[in-house]
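Working notes for the structure below.
Sequence positions, counted from 1, serve as the residue numbers for this chain.
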Amino acid sequence: MNQLSSSPINSLKGIINIPGDKSISHRSLILGALSIGVTKIDGLVFSEDTLNLINVLKTMGVKIIKKGKKIIIYGVGIGGLKKPNKTLFMGNSGTATRLMIGVLSNQEFKVNISGDKSLSKRPMSRIIEPLTEMGAEIKSKDGKLPITIKGVNETLPINYNLTIPSAQVKSSILLASLGTPGLTTVIENEITRNHTEILLKLFGANIKIKRKKNKNLISLRGQQELIAKNVKISGDPSSALIVGASALITPNSEIKIKNVNVNKTRFTFFNVLKKMNANIHISKKKYISNEETADITFKSSKLKGIHIGKKTVTGMIDEMPIFSIIASFASTNSSFSGGEELKYKESNRIDTIYNGLLKCKVKVKKKLNGLIIIGNKNKPYGGSTIQSNFDHRIAMSFLVMGTASKKRIKINESNCIKTSFPNFTTLMNNLGAKIS
């Protein structure tokens with residue numbers, strides 16, 4: 001059994017760097033492969049998810065070399081991928097899968113795509129609909145993997161109203177439109193992370209963004225080659241928040257994390273933590289490859305509860321597991337609602353969080369697409385074994401809880417952490433945690 005345990009400790013201290021942002025890592029690999037010239041990427045996270053994507057791109061004729069800590073990609077151009085001689089295995093990554101299905105909509109060959117058990121449960125209909133409208137032929141298993149896709153040389157331009165706030169769907173359409181003889185526009189009703197747009201501009205795509213009546217109109221004119229660029233990737237904010245949270249809930253603790261991506265579309269949870277009285281300080285802001293970056297210091301805090309709704313939850317969908325852990329250490333009640341999308345992540349996160357908190361003797365109640373977490377002036381008890389359901393963020397969040405709870409917490413299926421944060425255990429132990 002893949003099991004890790006986390007025991008209570010007295011303090012956590014240190015100055016660290018964390019792995020590069022996974023969202024930007026995926027997008028940099030893909031755009032480097034589709035560009036003309038040689039792209040060098042510094043700061044890529046070498047997780048199972050990104051390694052699977054590298055293998056997929058290699059299978060389609062892209063030369064990719066690891067040189068020290070850098071990745072070198074010899075681009076093949078927008079329409080230059082080769083038909084693979086086997087099924088493309090995407091592992092656990094919903095982001096890489098949805099982005100690659102967009103890319104493959106613009107390649108004139110048929111290919112099969114599969115994933116692991118967890119990924120095979122996640123919905124793909126939300127990208128199948130617009131990509132089919134653009135001309136791709138896509139067959140799926142009830143809107144899920146495995147998928148067979150036959151792309152077209154020239155996808156059709158569309159105007160697509162994004163009813164579900166999803167950076168993955170938006171990005172999939174934009175990548176499919178790179179070969180379109182015309183203008184494709186995605187109408188974004190709620191702002192989502194914009195790493196794809198930033199990187200497309202960096203690589204020379206003809207992309208424009210207009211703000212109109214609280215909406216984003218993102219337009220891309222296709223059939224313009226991308227030009228290779230060097231990309232430096234700063235630290236993943238979702239990973240930084242998980243590590244930083246351990247300092248917030250553990251007495252006598254202070255952790256400084258250097259060079260973290262602080263893109264405004266990823267900043268929602270920082271603002272929520274400030275309202276919860278979290279002691280967080282941001283310093284040394286700068287831009288790296290057009291992304292805002294800063295150092296963040298987290299200190300032990302006397303936390304209070306907060307109630308958040310759908311718009312806020314949408315902006316911190318990856319941080320909801322660690323938010324729920326932090327809320328269980330707050331002195332007053334917390335709650336969230338509008339978390340429908342949490343049901344379609346690596347696990348049904350609402351159910352997984354609820355069951356985990358109950359096992360750790362935290363008072364928690366279910367509500368429609370959300371939870372109510374009862375404040376606790378004392379430490380949560382812990383002392384239980386949690387099922388991660390192969391969800392890396394669930395596993396890491398409950399391991400963080402174990403550093404500050406009364407009793408040790410064990411996590412089953414903990415190998416899933418390697419999909420995003422392969423050195424998590426080592427890094428935490430270097431700060432003073434007892435994870436084994």
Side-chain angles (χ1 to χ4, degrees), residues 14-30 41-54 69-71 91-96 99 167-168 171 192-196 198-199 231-248 255-270 272-273 280 282 284-298 315-323 325 345-346 391-397 399-400 416-428 430-431:
I15 300 172
I16 59 168
N17 288 287
I18 56 164
D21 185 86
K22 192 169 71 153
S23 294
I24 300 173
S25 293
H26 287 318
R27 290 158 170 82
S28 300
L29 287 167
I30 290 170
I41 304 175
D42 186 11
L44 188 92
V45 56
F46 292 102
S47 65
E48 285 184 355
D49 282 354
T50 51
L51 293 175
N52 280 326
L53 178 57
I54 288 170
K69 293 183 179 180
K70 293 184 180 181
I71 285 287
N92 184 254
S93 179
T95 300
L99 267 55
Q168 295 176 9
S171 300
T192 64
R193 59 185 65 177
N194 61 351
H195 304 306
T196 301
I198 289 171
L199 280 169
V231 180
K232 187 172 177 61
I233 303 173
S234 48
D236 192 309
S238 298
S239 299
L241 283 160
I242 289 175
V243 175
S246 63
L248 299 180
I255 298 172
K256 183 176 184 178
I257 308 177
K258 300 179 73 175
N259 296 320
V260 180
N261 185 293
V262 290
N263 180 308
K264 287 181 174 59
T265 65
R266 305 286 294 279
F267 216 69
T268 304
F269 190 32
F270 288 98
V272 167
L273 286 173
I280 300 174
I282 295 172
K284 292 187 178 178
K285 283 190 175 182
K286 59 187 174 183
Y287 279 88
I288 295 176
S289 294
N290 295 347
E291 290 276 2
E292 194 168 15
T293 302
D295 295 349
I296 308 176
T297 302
F298 300 82
M316 50 186 269
I317 203 79
D318 284 338
E319 290 80 39
M320 290 310 296
I322 196 64
F323 163 79
I325 299 302
K345 299 298 287 182
E346 284 82 347
D391 189 325
H392 56 123
R393 299 200 193 277
I394 294 289
M396 289 187 285
S397 296
L399 286 170
V400 164
C416 58
I417 292 170
K418 294 177 182 177
T419 63
S420 66
F421 201 157
N423 66 331
F424 173 76
T425 299
T426 302
L427 185 150
M428 287 295 296
N430 286 343
L431 291 168

Distance-only side-chain donor-acceptor flag, Asn263 / Thr265, under 3.5 Å: yes
Check: His26/Thr95 side-chain N/O donor and acceptor closer than 3.5 Å: no
[X] versus [Y], closest heavy-atom pair with distance:
| X | Y | result |
| --- | --- | --- |
| Val45 | Lys22 | CG1-CA, 3.9 Å |
| Ile417 | Ala395 | CG1-CB, 3.8 Å |
| Ser246 | Ile255 | OG-CD1, 3.6 Å |
| Leu29 | Leu44 | CG-CD1, 3.9 Å |
| Leu427 | Asn17 | CD1-O, 3.5 Å |
| Thr50 | Ser25 | CG2-CB, 3.8 Å |

Could you grab the distance from atom [atom1] of [X] to atom [atom2] of [Y], nearest 0.5 Å is fine?
| X | Y | atom1 | atom2 | answer |
| --- | --- | --- | --- | --- |
| Lys345 | Arg393 | NZ | CZ | 7.5 Å |
| Ser239 | Glu319 | OG | CD | 9.5 Å |
| Phe270 | Ile296 | CZ | CD1 | 3.5 Å |
| Ser289 | Ile24 | OG | CD1 | 8.5 Å |
| Ile15 | Ile257 | CD1 | CD1 | 11.5 Å |

Taking C-beta and beyond as the side chain, do [X] and [Y] meet within less than 4.5 Å on heavy atoms?
| X | Y | answer |
| --- | --- | --- |
| Ile16 | Asn430 | no |
| His195 | Glu291 | yes |
| Lys258 | Lys284 | no |
| Arg266 | Ser238 | yes |
| Leu53 | Leu99 | no |
| Leu399 | Met428 | no |
| Ser28 | Leu199 | yes |
| Ser47 | His392 | no |

Full working for side-chain contact (heavy atoms from CB on, under 4.5 Å) between Val243 and Leu431: CA-CA 10 Å; Val243 175; Leu431 291 168; 3.8 Å; yes
Test applied, side-chain contact (heavy atoms from CB on, under 4.5 Å); reference residue, Pro19; option that passes from Phe46, Phe424, Phe421: Phe421
Whether Thr419 side chain and Cys416 backbone form a donor-acceptor pair below 3.5 Å: yes
Under 3.5 Å: donor-acceptor pair, side chain of Asp21, backbone of Gly235: no
Carboxylate-amine/guanidinium contact Lys264 Glu292, below 4.0 Å: yes
Candidate pair Phe298 and Leu241, rule side-chain contact (heavy atoms from CB on, under 4.5 Å), full reasoning: CA-CA 9 Å; Phe298 300 82; Leu241 283 160; 4.2 Å; yes
Residues that Arg193 engages under side chain to side chain donor-acceptor pair (under 3.5 Å), provided they are two or more places apart: Ser23, Asp318
Residues that Thr293 engages under side chain to side chain donor-acceptor pair (under 3.5 Å), provided they are two or more places apart: Ser234
Full working for side-chain contact (heavy atoms from CB on, under 4.5 Å) between Asp295 and Asn259: CA-CA 5 Å; Asp295 295 349; Asn259 296 320; 4.1 Å; yes
